[in-house]
Amino acid sequence: MSSKQYFKVCFCFRRIFRLTEAEPPEYIKFLFDRYSRDGTMTVEDLTRFLVEIQGEHTASHDDALAIFNSLKHLRIFQRRGLHFDAFYRYLLGDLNVVNSPSNVVHHNMNAPLSHYFLFTGHNSYLTGNQLSSDSSTKPIINALKKGVRVIELDLWPNNNKDDVEVRHGGTLTAPIDLLRCLRAIKDNAFEVSEYPVVITFEDHLPPHLQSKVATMVTDTFGEILYTPESDEMSEFRSPDYLKKRILISTKPPKEYLETPGSQSSGKERTPSSSFDDKQDKDEGHIPDEDEEKTAPQYRHLIAIHAGKMKGGIKNMLKVEEKKVRRLSMSEQELETASKTHATAIVRFTQRNLLRVYPKGSRLDSSNYNPFIGWMHGAQMVAFNMQGYGKHLWTMQGMFRANGGCGYVKKPDFLLELRPDDNVYDPSAPRQVKTTLKGKLYLGEGWLQDFRHTHFDLCSPPDFFVKVGIEGVPGDKAKHITKVKDDEWLPIWDEEFKFELRVPELAILRIEVMDYDVGNHGFGGQTYLPISELRTGIRSVPLYSRDGIRYKHTRLLMQFEFA
């Protein structure tokens with residue numbers, strides 16, 4: 001690689017910038033000297049470093065040897081031990097990443113399904129906005145490959161009323177055949193995770209088409225389809241029990257059912273009313289007793305029954321001893337209900353499932369703050385996966401936990417009964433439980449992953465970093481570094497400190513930006529669950545806006561809890 005870079009200015013002139021190597025931090029040099037002898041670090045020396053500095057208290061000789069073996073391809077590697085350059089490359093390498101190793105499921109997976117947060121999609125078939133985008137199997141496949149475990153499909157009759165299509169009712173979005181969606185789910189359901197996939201049907205079908213759906217579902221999934229022994233379960237099965245199984249969660253369609261004092265018309269609602277009802281009023285909300293009028297073979301497929309009891313929010317959240325179910329609320333409904341019924345919501349979600357979905361005005365497929373759901377125990381915080389942004393990155397960060405399997409065990413405080421039969425109160429003030437102390441040393445890799453004119457046509461980038469916490473209201477905080485002008489290998493050497501009240505739910509937010517007047521450029525992001533943050537000096541890989549990990553771009557940081 002050339003030691004100089006040239007940038008055109010006004011077509012006639014060139015600016016020349018000399019590329020310099022980033023000098024390793026003095027503290028890293030100090031640690032190497034401390035844990036090496038005569039400029040060489042042995043396997044035994046590295047083992048002590050892992051235990052005493054990195055906080056890997058169970059680290060063994062074999063763990064250190066694996067690091068040695070991973071560096072053998074480097075010319076700077078020496079058989080008798082690590083020289084400083086090799087040690088430094090280890091610190092910035094993939095064996096020293098900040099979060100727990102991927103693909104390693106370490107949570108207890110034998111508890112009922114209601115004890116977990118599930119990676120949940122909303123309108124999973126849409127390619128873009130909620131009003132006029134196409135429907136396709138591609139976003140369903142992409143979601144499953146990113147670990148999403150709950151897929152939502154809206155079922156409507158076609159124009160001839162003789163078949164079923166998937167579309168966003170009352171909008172200009174194009175339809176897609178249900179069978180294509182089901183086959184896409186089957187082919188990709190367990191590619192990245194063997195834990196169950198839940199398909200939530202938002203059902204607007206008459207009974208004869210429900211029967212047709214039942215045949216499609218049964219023929220497509222066969223033995224991997226989970227059908228419960230009874231319509232009424234006192235407790236959900238566990239993710240371990242349901243490995244590699246497909247579950248259907250739905251309700252009978254309100255518009256085709258007779259309820260006391262009304263008659264079923266047998267006709268669809270108008271597009272505008274169906275859109276409003278789905279988005280802002282009663283998505284997932286029907287009287288449980290109406291399930292008896294659903295096509296029998298269709299009702300038999302329902303593993304997770306959705307419904308709403310009559311009588312308002314208090315009765316809706318009533319916990320039944322002999323029956324568990326799923327309830328749906330919009331983000332607005334949950335926010336309103338949480339002001340007066342916070343503990344009732346937590347108690348409900350200890351045994352039942354709560355799904356939260358975006359409000360109807362989010363036509364651009366934007367998302368909301370997921371913590372309003374998580375802090376109340378809501379398992380299915382449904383997100384639009386089509387775009388990007390802080391809230392979606394927070395969601396992706398949460399589900400990097402537990403090996404990225406799409407299921408994260410809820411913290412114990414959301415599941416336990418306290419003295420006097422009380423539960424956790426999300427609205428109560430909290431004391432600081434722990435403090436995260438960190439240091440941002442430097443970054444590298446942009447020159448390999450980006451064109452040299454990507455950030456600025458006339459000069460190298462001017463990087464700065466936003467480091468912060470996404471969590472419950474009392475834990476939100478951020479630190480912004482100074483700007484490093486014209487540097488592909490920026491060195492910040494800055495410390496930060498965050499006090500955490502509910503670290504079990506907190507997410508570390510890291511975004512690298514290229515400073516520009518008016519609109520900063522994007523240089524990478526990662527959101528990481530605090531619960532799985534590895535202490536010590538760590539490599540922090542960065543991701544694109546779309547959540548794709550860059551090959552080379554990363555930061556070197558240090559973390560400790562006090």
Original post:
Can Asp203 and Tyr298 be said to form a side-chain hydrogen bond (donor to acceptor under 3.5 Å, both in side chains), step by step?
Top reply: CA-CA 11 Å; Asp203 178 356; Tyr298 182 76; 2.7 Å; yes

**OP:** Verify side-chain hydrogen bond (donor to acceptor under 3.5 Å, both in side chains) between Thr343 and Asp425, making sure each step is shown before the conclusion.
**Re:** CA-CA 5 Å; Thr343 56; Asp425 183 356; 5.9 Å; no

**OP:** Please test Glu165 against Lys212 for salt bridge (charged side-chain N to carboxylate O under 4.0 Å, His left out), starting from the C-alpha separation and ending with a verdict.
**Re:** CA-CA 12 Å; Glu165 61 188 21; Lys212 191 164 188 173; over 6 Å; no

**OP:** Take Glu470 and His391, measure what side-chain hydrogen bond (donor to acceptor under 3.5 Å, both in side chains) needs, and give me the verdict at the end.
**Re:** CA-CA 9 Å; Glu470 295 298 317; His391 294 320; 5.5 Å; no

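Ion pair Asp449/Arg554 not flagged as a salt bridge, since none of the NZ, NE, NH1 or NH2 atoms sits closer than 4.0 Å to an Asp/Glu carboxylate oxygen. Arg347 has no carboxylate O lying under 4.0 Å from a charged side-chain N of Glu416, or vice versa, which leaves the two without a salt bridge. With respect to Arg509 and Glu511, a salt bridge is recorded, a charged nitrogen being found less than 4.0 Å from a carboxylate O. Taking a cutoff of 4.0 Å between a charged side-chain nitrogen and a carboxylate oxygen, Glu504 and Lys410 do not qualify as a salt bridge. Checked for salt-bridge contact, Arg237 and Glu229 meet the test: a charged N lies under 4.0 Å from a carboxylate O.
Closest approach of Asn352 and Arg325 over heavy atoms only: OD1-N, 3.0 Å. Across every non-hydrogen atom of Ile224 and Lys244, the tightest pair is CB-O, 3.7 Å. The heavy-atom pair separating Ile151 from Ala143 by the smallest distance is CD1-CB, 4.3 Å. In this structure, Pro239 and Pro196 approach most closely via the heavy-atom pair O-CD, 3.6 Å.
The only option from Thr173, Asn123, Asp364 that meets the side chain to side chain donor-acceptor pair (under 3.5 Å) definition with Gln130 turns out to be Asn123. The ring pair (Phe, Tyr, Trp, His ring centres under 6.0 Å) with Trp393 is formed by just one residue from the set Phe522, Phe383, Phe399; it is Phe522.
Using modelled atom types, one finds a donor on one side chain and an acceptor on the other under 3.5 Å when comparing Asp154 with Tyr125.
Within the model, atoms OG1 of Thr349 and CD of Gln379 stand 5.5 Å from one another, a figure rounded to the nearest 0.5 Å. To the nearest 0.5 Å, the span separating CD on Glu152 from OG on Ser328 amounts to 8.0 Å.
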May I have the list of side-chain donor-acceptor pairs in residues 177-190 shorter than 3.5 Å, sequence neighbours left out?
from: Lys186; atom 1: NZ; to: Thr220; atom 2: O; distance (Å): 3.1
from: Asn188; atom 1: ND2; to: Ala184; atom 2: O; distance (Å): 2.8

